[in-house]
Amino acid sequence: MTLIDISRPLANGTPTWPGDTPFFYEVSWSKEQSGSVNVGKLTMSIHTGTHIDSPFHFDNDGRKVKDLDLQLYVGPARLIDVSGRSSIGAEDLASYELEGVTRLLLRTSSWTNPDEFPSEITYLRADLGPFLQARGIRLIGVDVPSVDPLDSKELAAHHGLHAHDIHILEGLNLDHVSPGDYELMALPLPLAEADGSPVRAVLRPFTP
Ligand SMILES: Nc1ccccc1C(=O)C[C@H](N)C(=O)O
Ligand SMILES: [Zn+2]
Ligand SMILES: [Zn+2]
């Protein structure tokens with residue numbers, strides 16, 4: 001069945017965190033130079049585009065990518081629309097049916113111009129950690145660069161989610177996807193010591 005790409009493109013000029021390493025790709029060794037092949041080289045911040053955070057990103061003693069449970073990044077996921085709010089907490093999700101959901105994707109539609117890094121986004125409140133854990137949710141995905149406000153230093157949502165064993169997927173593009181049930185695939189690269197990883201995130205319409 002057809003895959004729906006929910007990743008943001010990575011190209012020179014892709015917006016990234018102010019002051020962070022921009023995405024840059026070049027052919028560093030051309031076919032003419034090597035005599036056989038074009039060889040590319042890239043530099044980027046891990047938190048550019050669609051990516052997962054590992055706990056080491058915000059906790060020096062936290063798990064790195066090599067320690068993550070891959071199972072969480074593949075499997076049934078529910079996409080819900082929570083747009084039009086400045087932040088999302090437990091009370092905003094109370095009316096949604098989340099029974100049996102392990103992976104929850106939130107469409108906030110608050111990153112309005114994909115060609116620029118946003119100045120304000122819908123962020124998550126820390127009370128989502130216990131709320132989501134109580135419902136059995138293990139992974140949360142958002143369509144913005146962070147689950148916290150962009151200028152946050154405490155990162156209450158990152159810590160609150162992590163404390164309740166909820167994994168974080170950020171920078172999705174959900175504009176073209178309808179709310180509903182899907183199979184999610186968003187595997188991190190085997191970047192052993194890293195604080196996160198870019199992912200190619202796709203959805204497949206879910207047939208139980
Ligand atoms: N790359 C950065 C540079 C500076 C300040 C924050 C970030 C972040 O990545 C924070 C965000 N919580 C993130 O996980 O994407
Ligand atoms: Zn991140
Ligand atoms: Zn993050």
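Both ligands and their constituent atoms are indexed starting at 1 by order of listing. Residue numbers count from 1 along this sequence. Basis for what follows: all heavy atoms, side chains included, without hydrogens, waters or symmetry-related copies. Everything numeric here is computed off the predicted structure, so don't read it as measured data.
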Residue [X] vicinity, atoms of ligand 1 by number, heavy atom under 4.0 Å:
X      : answer
His51  : 15 (O)
His57  : 8 (C), 9 (O), 10 (C), 11 (C), 12 (N), 13 (C), 14 (O)
His47  : 1 (N), 9 (O), 13 (C), 14 (O), 15 (O)
His158 : 12 (N), 14 (O)
Asp20  : 1 (N), 2 (C), 3 (C)
Asp53  : 14 (O)

Using distance alone, decide if ligand 1 has a nitrogen or oxygen within less than 3.5 Å of any nitrogen or oxygen in Pro145.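 Checking ligand 1 against Pro145, an N or O pair does fall under 3.5 Å apart.
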If you measure every N or O of Ser45 against every N or O of ligand 1, does any of those distances drop under 3.5 Å? no
Thinking salt bridges, do [X] and [Y] make one under a 4.0 Å N-O criterion?
X      : Y      : result
Asp69  : Arg138 : no
Asp195 : Lys64  : no
Arg200 : Asp5   : yes

Does any N, O or S atom in Asp148 come within less than 2.8 Å of the Zn ion (ligand 3)? no
Do the side chain of His167 and the main chain of Ile52 share a donor and acceptor less than 3.5 angstrom apart?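 Flag not set: sc His167 to bb Ile52 has no pair under 3.5 Å.
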Using 30° and 60° as the class boundaries, would you call the ring planes of Phe58 and His159 parallel, tilted or perpendicular? perpendicular
With rounding to the nearest 0.5 angstrom, report the CG to OG1 distance, Asp143 to Thr122.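 Here the interatomic distance stands at 7.5 Å.
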Could you give the distance from CG (Leu184) to CG (Asp181), rounded to the nearest 0.5 Å?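 So the gap between those two atoms works out to 12.0 Å.
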Under 4.5 Å between side-chain heavy atoms, hopping through other hydrophobics if needed: is there a path connecting Leu79 to Trp111?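 Cluster IDs for Leu79 and Trp111 differ.
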Mark yes or no: Arg135 above the aromatic ring of Phe131, with NZ or CZ under 6.0 Å from the six-membered ring centre and no more than 45 degrees from the axis.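 Yes; both conditions hold, so Arg135 lies above the ring face of Phe131.
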Return the closest protein heavy atom for atom 5 (C) of ligand 1 as residue, atom name and distance. Trp17 CE3, 4.0 Å
Between His158 and Asp53, does the side-chain hydrogen bond (donor to acceptor under 3.5 Å, both in side chains) criterion hold? Intermediate values first, please. CA-CA 9 Å; His158 282 83; Asp53 288 351; 3.0 Å; yes
Angle at the Zn ion (ligand 2) (to 10°), with one arm to ND1 of His47 and the other to NE2 of His51: 100°
Given that the side chain starts at C-beta and the backbone is N, CA, C, O, which of these parts of Pro18 lies under 4.0 Å from ligand 1, counting heavy atoms, or is it both or neither? neither
Which atom, counting only N, O or S, brings Asp53 closest to the Zn ion (ligand 2)? OD1
May I ask whether Asp148 places a heavy atom under 4.0 Å from ligand 1? no
Could you grab the angle centred on the Zn ion (ligand 3), going from NE2 in His158 to OE1 in Glu170, to 10°? 150°
